[in-house]
2 protein chains.
Amino acid sequence: MPEALTVRRSASLTRQRILEAAILRFSRSSYEATTLRDIAADVGIDVALVHRSFGSKEELFRQAARVALDDGFQRAVEAPDLGAAMAAHFLQPRLDQALKMVDPLDIVTHSLSSDRANPILRELVQQDFILPLTQRLGCGDELQAALAIACLAGIALLRDVLCIGVLRDASKDQICPMIEKLMHACLAKDCEPQLSEPSS
Amino acid sequence: MPEALTVRRSASLTRQRILEAAILRFSRSSYEATTLRDIAADVGIDVALVHRSFGSKEELFRQAARVALDDGFQRAVEAPDLGAAMAAHFLQPRLDQALKMVDPLDIVTHSLSSDRANPILRELVQQDFILPLTQRLGCGDELQAALAIACLAGIALLRDVLCIGVLRDASKDQICPMIEKLMHACLAKDCEPQLSEPSS
DNA sequence: CGGCGCCTGTCAACATTCGTTGATCTCAAT
DNA sequence: ATTGAGATCAACGAATGTTGACAGGCGCCG
């Protein structure tokens, strides 16, 4: 049964290669700027096969985003020092198994403002980022979690999408402590300190 | 010479109306999703006139972004309590003179990941946000300013573009103090507490 | 061994959309 | 009436997702 030997003409292998190429493309350009023809050319196949393997561009993007994000953040969220772990996870590009260097957030930040990718990313951000972080906090304060994620997304955005110089050039030693401080400010458990709400 | 009486067939007036419609459209959809035909329909004119009035879509977007951002942030940055002023400026939609309600950041956040709008927005963010804030800080730490802007952009993005529920539903009383705390964490003068660097 | 049929992959074309442009029309001022 | 700028019309050219018809190898069954 030469199932594993079927190197040529293997649908699953082709799907895998398409998915990897798609992750790379979607991590570097927006949903709209990334064309199925580009991805097809990377794999060395025809456009039609890309389309037929995933049904539609939207579905390809959805699966690419799911695979790219993987459960990396789930693990980061379980670390003892939450702030440091989140800072590290979002700041150093990750080396995926067979992929090139890809920051897991790139695929999110590069297509945030695309209408088609929008609902997909909303679901993903909600389920894969805000929800686990909320549960980890235990405080039940989803707003804190959302704010923390928003800050990290904003930083990644200005750094990797807008390419703001000072953010790109900052060394890890320089920026990591600031992110940690930020995360601590976001996630500080002041849900009920002693009800010290100054009446404005 | 009835120059001001030329209500009909006035190029400058038409330009103004196109610009207003463009700001509205670009504040609600991405650069690519916004078509010149949409804008033309809003004004009630032909596509060609929109194009001829501004030379190109890119130029229209550039001018729309410039006008939309105005110098609102410049003023916010001069307030005594910087954190509170920035939180207020970015969180409450502003009522522009003749325009509908538009958050000045919307036009930035909605097109962040568009390739065409990217260089325009980078320049804008650098000049109109990071630079003034850096100068206001006086500390010369551009990284702090960039981080603060990044956080605000991220929050606006998750709230207004991704439409994350918990951020959309949060009341101003709920979220404003948290933003202020964040801004203070970003902008805290811990660069040289006792040694004041001579203003360059 | 050999024809059959399925799965993988290709080719060409469609339908649509959008920015852009040149010719043309229309109105107001001279 | 003439002229010139404001405005329109129709069309181009390019790009892209999508689709259907077709080709080629591979296993299956006779």
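By convention in this document, chain letters (A, B, ...) are assigned in the order of the sequence lines, proteins followed by strands, and residues within each chain are numbered from 1.
Per the geometry, CZ belonging to A:R52 stands 12 Å off P belonging to D:dT19, to the nearest Å. As rounded to whole Å, 12 Å separates atom C1' of D:dA7 from atom CZ of B:R17.
The listed nucleotides are C:dT20, D:dT18, D:dT16; the one nearest the side chain of A:T35 is D:dT16. The side chain of A:T14 lies closest to C:dG9 when the candidates are C:dG19, C:dG9, C:dT10.
Only B:R37, listed by number, bring a heavy atom of residues 37-44 of chain B to less than 4.0 angstrom from any atom of DNA chain C. Looking at residues 54-65 of chain B, you'll see B:S56, B:K57 sit with a heavy atom under 4.0 Å from some atom of DNA chain C.
Among the atoms of the strands shown, only primed sugar atoms or phosphate atoms (P, OP1, OP2) are found under 4.0 Å from some heavy atom of A:T34. Counting any heavy atom pair closer than 4.0 Å across all strands shown, B:L49 reaches a base atom. In this structure, A:A48 reaches the bases: a heavy-atom distance under 4.0 Å links it to at least one base atom across the strands shown.
Using a 4.0 Å cut-off, some side-chain N or O of B:H51 falls inside it from OP1 or OP2 of C:dT20.
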Next item on the list: Start with the C-alpha distance between B:I23 and B:F61, add both sets of side-chain angles, then the distance that settles side chain to side chain contact (heavy atoms under 4.5 Å, CB included), and finish with yes or no.
Entry: CA-CA 8 Å; B:I23 291 178; B:F61 178 80; over 6 Å; no
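Using a 4.0 Å cut-off between charged side-chain N and carboxylate O, A:R25 and A:D42 make a salt bridge. The existence of a salt bridge linking A:E20 and A:R17 is excluded, since no basic side-chain nitrogen approaches an acidic carboxylate oxygen closer than 4.0 Å.
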